[in-house]
Amino acid sequence: MLWSTSVLSTLSSDTEPSIVVTFDSAKYLFNVGENTTRSYLQSRQTWRKTRALFVTSVGTQRTSGLPGLLMTFADAGRSKVHIAGPSGLLHLIASMRRYTYRENLDVTPSEIPLAPDDQHVYKDENITVYAFPVFPLHETSEDNTPEPDQHDPSILKRKRRASPEIRDRPTKRGTGATAVPDPSLSIQELMARSDFDPTTLSEETAQAWRRHVVKFMFPATQVPQENGGQGPKGKQKGPNRAGQTSADEPPNTAHVCQPPGLRRPLPFPERSLVGSPETWLRPTVAYAIQGPRVRGKFDAQKAEALGLKHGPLRAVLTRGQSVTIKIDDGHGNVVDREIKPADCIAEGSLPGVVLILDTPTLAHISGLLSGFADGGPFAKYWQVDSKDHVVRVVYHLCGDDVLEDERYKVFMNRFGPDVHHLVSSRKHLPDPVTFTSAAYSQLRLNQLDPAIFPLPKFTLNAVKPLRDVIGLPVTTGPMHAGLSISLHPPRFPTENENIEQLDLFHPAVRSTPLQLPDSTLASFAKARASVQSFAEGYDPEAIPGKDVSVCTLGTGSAIPSKFRNVSGTLIHIPNHGYILLDAGEGTWGQLVRKYGTEPSLPSNVWQVLRELRCIFISHIHGDHHIGLSKMLTMRQCLDPPANEPLYLVANHTVFQYLRDYEGLEILGLRAGCKSAVVTISSELIHWLRNGPQSDGISRSMAALCTSLGLQSMHTVDVEHRTMCHGLIIKHRDKWSIVYSGDTVPVNRLVQAGKNTTLLIHEATMADEEVEKARAKMHSTVGQAVDIGKQMNAYSTLLTHFSARYPAMPQSMLTKHKDGDPFVALAFDHANIRIGDMRKMHAYTAAIEQNFADLEDDDATAQVAEVDIT
């Protein structure tokens with residue numbers, strides 16, 4: 001049986017490590033960090049046949065790509081998936097209930113017990129998965145103790161003590177006195193009560209409620225009542241209705257009987273974590289994936305010598321059963337001869353084993369080593385001469401300083417000499433561009449205008465290459481995307497040639513000058529000449545807000561495509577700060593590629609994050625907010641913390657999701673957190689000013705406007721398939737920006753944004769798809785252009801294009817007429833000053849020619865599998 005393991009994504013500016021185990025009949029994915037779906041698209045690998053997902057921890061680092069991938073599975077026709085992970089997994093999935101609903105998907109989650117044992121956590125005909133929790137532990141230290149020799153096994157037995165347990169159970173949210181429920185009642189009995197409040201539930205009853213919520217989210221699911229295992233068999237699947245919805249447009253659940261309490265916050269999870277609330281360390285899970293025992297080959301010559309002729313009995317032998325035949329004993333007598341499989345079948349190979357070890361901090365090292373020490377659940381994997389298995393490869397997901405800790409190096413050297421060690425460690429890996437197709441297009445457009453189309457930040461050199469780390473096993477290598485190892489038959493690591501062939505960016509960036517087709521060069525020259533022709537009579541200084549820049553981080557809709565990530569637009573107001581309009585999955589990675597992390601850069605990504613004053617989330621659909629939690633957790637990493645608060649403007653469904661999620665990870669929403677986040681309800685500041693506003697909201701809005709130099713900021717309720725708001729920003733310097741969110745054309749937005757300097761409007765569909773756009777509650781390109789005309793906008797920037805059109809929307813923009821807005825198309829990583837919108841408009845034909853000249857490598861084949869948007 002052939003099987004292998006490969007790296008889907010590695011540790012980089014925009015991805016986290018994900019590992020795929022592949023058999024002919026099924027695939028298994030380990031860790032689902034941000035941009036996992038886009039990594040599949042870039043590598044041209046398929047997620048089809050994915051049977052189970054496993055995560056080593058619950059948090060943005062390892063699971064922020066989970067909601068997007070689940071919706072992609074469902075919309076591509078995948079009907080069933082198992083998910084395993086540590087404590088908190090059910091809470092994580094349940095927290096997604098307001099934006100993740102797929103009635104055709106059977107999701108079977110199982111939480112791995114905190115107490116390690118020898119029982120498997122998953123098993124099917126291909127693999128058996130074992131796991132044990134790795135708790136962070138504080139080391140005891142003694143003064144004047146000499147450093148032990150790095151090859152001394154005694155270093156692995158260093159004394160340790162468990163850190164004190166932190167139980168964080170905040171006071172019950174909400175008002176009024178609600179009685180603690182009777183623990184003897186079932187969840188169904190509790191739900192039947194008029195005063196049912198999920199926030200009062202605890203322990204097993206709370207878990208039962210989370211299971212009930214997951215069952216609602218994925219109606220085909222029969223959630224197991226016990227931890228671990230593969231779940232019950234013979235489940236009834238819901239109808240496969242893939243293609244009727246899209247990742248951006250979850251099914252309308254108005255007709256679905258929603259369980260009482262669904263819209264209330266989740267019960268806060270019990271936690272056992274190390275450190276203060278500002279420095280929580282969560283346990284991780286170590287995995288061992290054991291493949292099947294492969295029988296040896298049938299030896300036909302031995303069979304013939306034993307008298308076994310061709311026939312069905314040989315098949316019986318290959319299935320591991322003995323057979324009996326009639327033979328002549330040489331004396332004219334017919335006797336029975338028993339033939340055992342071992343008599344004519346060569347010795348089979350031992351089951352191969354893959355280890356995945358997640359050690360994010362030095363405090364986790366002792367917990368990991370205890371699992372391999374004598375009596376530990378993984379002690380058997382240090383047995384070099386085991387008769388039960390053979391360890392082939394170990395994936396090391398290492399946090400800062402872990403790889404160079406002497407204990408960890410001794411640990412690695414305890415494995416056999418033939419074991420391959422693949423390392424993910426930020427300090428020891430280069431950071432090449434991950435999404436090379438988009439970067440290659442950006443490189444070409446950089447020749448048109450380097451200011452508007454800057455190159456992404458990357459490096460091909462590690463801070464300290466693995467070869468310079470003394471004491472590692474000789475079989476140690478970097479974990480990079482596309483690296484594959486065959487477990488049966490066993491082979492050395494190999495590169496994925498397909499990924500190298502798809503990478504046009506890194507070879508081209510070294511080429512000086514870049515070789516472009518004559519047609520592209522001619523279109524670029526014509527565009528620059530057009531800009532020059534109007535430059536003499538054009539006074540950009542007269543344009544209000546000319547130096548305000550718009551960086552379009554993500555310009556696609558629903559799911560990412562070859563050239564476009566999902567929604568995210570960054571506004572920079574010089575001398576004041578930044579506003580982020582929506583934050584789809586991958587927004588943080590887009591920011592890092594845009595600004596870089598180099599401390600010497602005046603505006604690196606950490607400085608941008610420090611100066612980020614406002615995030616506006618238009619609505620709850622995943623492609624507009626899944627990247628928000630990552631943004632907020634990264635902001636908590638600022639050292640020193642941000643001096644100014646971040647104002648988050650969103651509706652109540654977004655806030656509920658974040659408050660539920662903060663039961664797993666610190667986002668800055670609670671009082672006392674560093675780098676504080678102040679929430680402002682978009683419903684309470686909509687442009688009609690309906691109803692009284694609280695003094696708290698008024699003070700927050702006043703502070704927000706002051707921090708950005710704004711005259712006002714308010715929202716407009718637009719029309720989409722869920723509650724959605726547009727945004728109106730007016731500055732004291734007499735410029736304004738209108739952002740549409742997702743919507744059909746609405747007059748309310750026109751009236752609220754009259755005479756705006758810049759309209760940023762969604763243009764999801766092509767002009768010939770008016771009916772489809774209306775059904776999905778989106779706008780066409782032509783409709784968005786008309787809104788800009790009705791608004792009398794100075795310029796209109798179109799974005800949020802369907803993944804059907806990964807390069808250019810299928811609509812020709814009409815020639816500009818006097819008095820019309822200058823219309824420009826948004827592209828990922830474009831950096832456009834308001835004063836340059838006319839220039840961007842003039843580049844349209846050249847950009848279109850650039851994409852037309854790009855080699856067609858069937859980039860949209862996987863996107864075309866589902867009904868997008």
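Numbering starts at 1 and runs along the sequence shown.
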Is a donor from one side chain sitting under 3.5 angstrom from an acceptor on the other, for [X] and [Y]?
{"X": "E111", "Y": "Q207", "value": "yes"}
{"X": "N31", "Y": "S18", "value": "no"}
{"X": "S95", "Y": "R659", "value": "no"}

| Is the ring centre of Y381 less than 6.0 Å from the ring centre of F372? |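 Ring centres of F372 and Y381 not closer than 6.0 Å.
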| request: Inspect the contact between K630 and E665 and indicate whether a charged nitrogen and a carboxylate oxygen are less than 4.0 angstrom apart. | output: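 Not counted as a salt bridge, because no side-chain N and carboxylate O are separated by less than 4.0 Å.
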| field | Salt-bridge present (E406, K409; N to O < 4.0 Å) | value |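 Salt bridge flag = yes for K409 with E406.
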Listed partners of [X] passing side-chain contact (heavy atoms from CB on, under 4.5 Å), at least two apart:
{"X": "A481", "answer": "none"}
{"X": "R426", "answer": "L11, E16"}
{"X": "L483", "answer": "V7, L422, H480, P493, E495"}
{"X": "S486", "answer": "P489, R491"}

| said: Before you tell me yes or no, could you show the steps for D358 and T284 under side chain to side chain donor-acceptor pair (under 3.5 Å), namely the whole-Å CA-CA distance, both residues' side-chain angles and the distance that decides it to 0.1 Å? | reply: CA-CA 6 Å; D358 190 350; T284 63; 5.2 Å; no
Okay, side chain of [X], backbone of [Y]: is any donor-acceptor separation there less than 3.5 Å?
{"X": "H488", "Y": "P292", "answer": "no"}
{"X": "E585", "Y": "N35", "answer": "yes"}
{"X": "R282", "Y": "L664", "answer": "yes"}
{"X": "S64", "Y": "E34", "answer": "yes"}
{"X": "R293", "Y": "H389", "answer": "no"}
{"X": "H428", "Y": "V469", "answer": "no"}
{"X": "E662", "Y": "L669", "answer": "yes"}
{"X": "T205", "Y": "L201", "answer": "no"}
{"X": "T476", "Y": "P473", "answer": "yes"}

Could you tell me which residues satisfy ring pair (Phe, Tyr, Trp, His ring centres under 6.0 Å) with [X], sequence neighbours excluded, listed by chain and number?
{"X": "H420", "value": "F492"}
{"X": "F23", "value": "W3"}
{"X": "F132", "value": "F378"}

| For T361, what residues pass the side-chain hydrogen bond (donor to acceptor under 3.5 Å, both in side chains) criterion, not counting sequence neighbours? |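 Counting only residues at least two positions away or on another chain, T361 forms a side-chain hydrogen bond (donor to acceptor under 3.5 Å, both in side chains) with H364.
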| query | In chain order, what residues pass the side-chain hydrogen bond (donor to acceptor under 3.5 Å, both in side chains) check against S12, with sequence neighbours excluded? | reply |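 side-chain hydrogen bond (donor to acceptor under 3.5 Å, both in side chains) check on S12 returns D14, T15, T434.
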Is the shortest heavy-atom distance from the side chain of [X] to the side chain of [Y] under 4.5 Å?
{"X": "V354", "Y": "I485", "result": "no"}
{"X": "V134", "Y": "V285", "result": "no"}
{"X": "V214", "Y": "W209", "result": "no"}
{"X": "T46", "Y": "K27", "result": "yes"}
{"X": "M479", "Y": "V423", "result": "no"}

| said: Tell me every residue that passes salt bridge (charged side-chain N to carboxylate O under 4.0 Å, His left out) with K427, counting only those two or more places apart in sequence or in another chain. | reply: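 Per chain and number, K427 pairs via salt bridge (charged side-chain N to carboxylate O under 4.0 Å, His left out) with E404.
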For a quick test of your reading: what N or O donor-acceptor pairs under 3.5 Å do the side chains of residues 390-399 make, sequence neighbours left out?
| unit_1 | atom_1 | unit_2 | atom_2 | d |
| --- | --- | --- | --- | --- |
| Y395 | OH | T5 | OG1 | 3.1 |
| H396 | ND1 | Y408 | OH | 2.8 |
| H396 | NE2 | H421 | ND1 | 2.9 |

| query | Between D431 and S13, does a side chain to side chain donor-acceptor pair (under 3.5 Å) hold up when you go through it step by step? | reply | CA-CA 7 Å; D431 186 21; S13 288; 2.4 Å; yes
| task | Step by step, work out the side-chain contact (heavy atoms from CB on, under 4.5 Å) result for I289 and V353. | result | CA-CA 5 Å; I289 305 101; V353 170; over 6 Å; no
| request: Any chance you could lay out the side-chain contact (heavy atoms from CB on, under 4.5 Å) test for L368 and R407, step after step, and finish with the verdict? | output: CA-CA 11 Å; L368 175 68; R407 294 167 298 164; over 6 Å; no
| query | Can you say whether the rings of F30 and F54 are parallel (under 30°), tilted (30 to 60°) or perpendicular (over 60°)? | reply |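 If you compare the ring of F30 with that of F54, the planes turn out parallel.
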| query | What pairs meet the side chain to side chain donor-acceptor pair (under 3.5 Å) rule with one or both residues in residues 126-135, with sequence neighbours excluded? | reply |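 Matches after skipping sequence neighbours: S25-N126, Y28-N126, K123-T128.
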| message | Please determine whether the number of non-hydrogen atoms from other residues, nucleotides or ligands lying under 6.0 Å from atom CZ of R467 exceeds 12. | response |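 Count not over threshold, so no.
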| task | Count the heavy atoms of every other residue, nucleotide or ligand shown that sit under 6.0 Å from NZ of K340, and state whether that count exceeds 12. | result |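 Result for NZ/K340: open.
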| Distance (rounded to the nearest 0.5 Å) between L69 CG and R38 CZ |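 Answer rounded to 0.5 Å: 15.5 Å.
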